[in-house]
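Let me begin by presenting the structure, written as structure tokens, before commenting on it.
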Amino acid sequence: MTLQERLQAIYSRMEQARDRGGHNQNICLVAVTKTHPAAVIRNAVDAGIGHIGENRVQEADRKFRELPAEPSPVKHLIGHLQSNKVNKALLLFDRIDSVDSVRLAEKISRKIQEPDRRIPVLLEVNTSGELSKSGFAPEQTEDMISILELPGLQVEGLMTIGPLTDNKRAIRSSFARLRSLLEEINRNRPSDYPELKTLSMGMSSDFELAIEEGSTMIRLGTALFGPREPRI
Ligand SMILES: *Cc1c(COP(=O)(O)O)cnc(C)c1O
């Protein structure tokens with residue numbers, strides 16, 4: 001199957017999941033190109049992909065150099081960002097979808113010098129409680145809301161990685177939890193702060209469940225590009 005054919009199949013599964021869920025949301029598809037060479041990013045962009053995700057700064061740096069200036073996809077950082085790589089990440093990426101601590105948010109805020117620049121970010125929440133995952137605990141809503149006060153960031157929503165299990169109920173409840181957290185944060189945000197609208201949830205194995213639960217952004221690697229290659 002060509003990438004174009006895989007995309008068509010995915011778009012129709014997305015649409016069906018959206019109909020089942022009844023949230024009527026727009027959904028952004030982020031193509032996760034980690035471990036794949038720059039040529040894979042170029043092909044994806046040629047196939048009409050407008051958003052790509054990478055999870056490591058150094059790998060992205062190497063690959064993005066090989067991309068033509070135009071057309072340029074929106075580049076999402078989706079992995080844990082070490083504080084010594086914030087500067088580089090801000091040069092490479094258009095947005096950071098994996099802000100997983102107040103400390104990191106503060107660091108990003110300090111590094112943004114231009115008074116009018118606000119980098120779009122998502123706050124990552126560990127909805128499954130799995131120790132291997134980073135992110136805010138769902139109970140840390142006050143910490144998450146405190147980030148809305150920082151200059152230089154525009155918090156657009158939340159991100160989570162579903163639990164590593166076949167149990168659909170557990171996966172679904174993790175996504176439903178993220179949706180209710182978004183509502184809670186919106187209820188308690190400063191009155192002049194734009195509504196948080198993005199729910200980045202759903203990967204190759206669980207994107208349909210996520211869309212049924214209201215996901216507005218899915219992150220697909222394997223479903224688009226096949227199994228990941230050894231780290232380059
Ligand atoms: C790798 C990765 C994905 C994509 O995973 P697939 O299962 O290959 O679709 C999505 N989100 C994050 C944060 C990732 O690291």
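Counting starts at 1 for both ligands and their atoms, following the listed order.
Each of the following atoms of ligand 1 lies closer than 4.0 Å to a heavy atom of Gly221: 4 (C), 6 (P), 8 (O), 9 (O). Heavy-atom proximity to Arg228, at under 4.0 Å, picks out these atoms of ligand 1: 1 (C), 5 (O), 6 (P), 8 (O).
Looking only at heavy atoms of the protein, atom 13 (C) of ligand 1 is closest to Ile78 O, 3.4 Å. For atom 7 (O) of ligand 1, the closest non-hydrogen atom of the protein is Thr222 OG1, 3.5 Å. The protein heavy-atom contact nearest to atom 9 (O) of ligand 1 is Ser204 OG, 2.5 Å.
Without hydrogens or angle criteria, Asn186 side chain to Leu196 main chain gives a donor-acceptor distance under 3.5 Å.
Ranked by closest heavy atom to atom 2 (C) of ligand 1, the top entry among Lys34, Arg219, Met203 is Lys34.
At a heavy-atom distance under 4.0 Å, only backbone atoms of Leu220 (N, CA, C or O) approach ligand 1.
Contact check on Asp46 versus Arg42 returns no salt bridge, with no Lys/Arg side-chain nitrogen under 4.0 Å from an Asp/Glu carboxylate oxygen. Comment: Glu54 does not engage Lys75 in a salt bridge, judged by the lack of any side-chain N to carboxylate O separation of less than 4.0 angstrom. Ion pairing between Glu208 and Arg13 holds under the 4.0 Å rule for side-chain N and carboxylate O.
Residues passing the side chain to side chain contact (heavy atoms under 4.5 Å, CB included) test with Ser134, sequence neighbours excluded: His80, Asp100, Glu124.
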Anything under 3.5 Å between a donor and an acceptor, one on a side chain of residues 153-170, the other on a protein residue two or more places apart or in another chain? List them.
| unit_1 | atom_1 | unit_2 | atom_2 | d |
| --- | --- | --- | --- | --- |
| Glu156 | OE1 | Arg95 | NH1 | 2.8 |
| Thr160 | OG1 | Val125 | O | 2.6 |
| Thr160 | OG1 | Thr127 | OG1 | 2.7 |
| Thr165 | OG1 | Asn167 | N | 2.9 |
| Asn167 | OD1 | Arg169 | N | 2.9 |
| Asn167 | OD1 | Ala170 | N | 3.2 |

